[in-house]
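Following: one structure in structure tokens, then a few remarks.
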Amino acid sequence: MTRRRRQHFSPEFKEEAVRMVLEGERTVASVAREFGINASTLGSWVHRHRIVHGQDEQPLSGPERARIRELERENAELREKLTFLKKAAAFFAAESR
């Protein structure tokens with residue numbers, strides 16, 4: 001069985017790939033394909049960057065926090081409705097047998 005040699009990437013290369021993921025609208029997989037690297041490798045670089053530079057992110061403003069709370073509330077309501085509908089569908093499917 002052949003083993004692939006580990007490639008060593010320069011810090012500049014890593015930073016550029018991570019920047020393309022974080023600043024753009026692109027996925028880790030698409031950037032990894034473009035750079036010719038494994039998506040899990042790039043994913044770990046992005047994860048590590050977020051841990052190290054997490055404090056660089058701007059705190060949320062009041063309206064942003066309110067919007068997030070509103071979306072979380074709506075999400076919870078939709079989950080409850082989905083659960084109910086699944087149970088109802090199962091009930092009526094059992095009734096029709």
Side-chain angles (χ1 to χ4, degrees):
M1 175 163 52
T2 62
R3 289 183 75 183
R4 295 182 64 192
R5 285 184 55 196
R6 287 185 171 249
Q7 291 180 330
H8 294 283
F9 300 101
S10 70
E12 295 81 17
F13 179 85
K14 292 178 183 180
E15 288 174 20
E16 177 66 18
V18 168
R19 186 187 59 74
M20 288 183 73
V21 171
L22 296 178
E23 293 179 1
E25 296 281 325
R26 303 186 52 203
T27 64
V28 170
S30 69
V31 173
R33 270 193 304 273
E34 182 179 323
F35 280 83
I37 58 176
N38 192 312
S40 63
T41 301
L42 178 56
S44 68
W45 295 347
V46 171
H47 179 71
R48 193 173 313 129
H49 181 273
R50 285 183 174 146
I51 290 172
V52 171
H53 297 95
Q55 66 276 9
D56 293 347
E57 294 179 17
Q58 298 295 324
L60 296 175
S61 66
E64 290 172 329
R65 285 185 199 172
R67 179 71 177 142
I68 289 173
R69 278 195 303 274
E70 177 186 334
L71 291 171
E72 287 173 343
R73 219 177 359 260
E74 181 182 352
N75 194 356
E77 181 182 323
L78 291 171
R79 285 180 193 267
E80 287 177 18
K81 288 179 181 180
L82 179 63
T83 301
F84 173 77
L85 291 172
K86 284 181 177 180
K87 288 178 182 178
F91 173 78
F92 287 114
E95 284 281 313
S96 66
R97 289 184 195 167

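Predicted model, so just to flag it, every value in this text is computed and none were measured.
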Q) Among pairs that include at least one residue of residues 81-95, which meet side chain to side chain donor-acceptor pair (under 3.5 Å), considering only residues two or more places apart or in two chains? A) E77-K81
Q: Output every pair passing side chain to side chain donor-acceptor pair (under 3.5 Å) with a member in residues 26-36, not counting sequence neighbours, ordered by first then second residue.
A: R26-E34, T27-S30
Q. Below 4.0 angstrom, N of the basic side chain to O of the carboxylate: do R73 and E70 qualify?
A. no
Q. Charged N to carboxylate O under 4.0 angstrom, R67 versus E64?
A.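 Salt bridge absent between R67 and E64.
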Q: Quick one: closest heavy-atom pair of L42 and V18, and the distance?
A: CD1-N, 4.2 Å
Q: Identify the heavy atoms of A32 and A39 that sit nearest to each other, and give their distance.
A: CB-CA, 3.7 Å
Q.
If the condition is side chain to side chain donor-acceptor pair (under 3.5 Å), which residues does R48 pass it with, not counting sequence neighbours?
A.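 None.
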(Q) Run the side chain to side chain donor-acceptor pair (under 3.5 Å) test against E74 and tell me which residues pass, sequence neighbours left out. (A)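 Partners of E74 under the side chain to side chain donor-acceptor pair (under 3.5 Å) test: none.
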Q: List, by chain and then residue number, the residues other than L78 in its hydrophobic cluster (Ile/Leu/Val/Met/Phe/Trp/Tyr, side-chain heavy atoms under 4.5 Å); write none if there are no others.
A: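 None; L78 is a cluster of one.
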Q: Evaluate the salt bridge (charged side-chain N to carboxylate O under 4.0 Å, His left out) criterion for residues E16 and R19: first the C-alpha distance (whole Å), next the side-chain angles of each, then the deciding distance (0.1 Å), finally the verdict.
A: CA-CA 5 Å; E16 177 66 18; R19 186 187 59 74; 2.6 Å; yes
Q: Kindly compute the distance separating CD (E15) from CG (L22), expressed to the nearest 0.5 Å.
A: 11.5 Å
Q. Among all residues two or more places apart in sequence or in another chain, which pass the ring pair (Phe, Tyr, Trp, His ring centres under 6.0 Å) test with F13?
A.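 F13: ring pair (Phe, Tyr, Trp, His ring centres under 6.0 Å) contacts with F9, F35.
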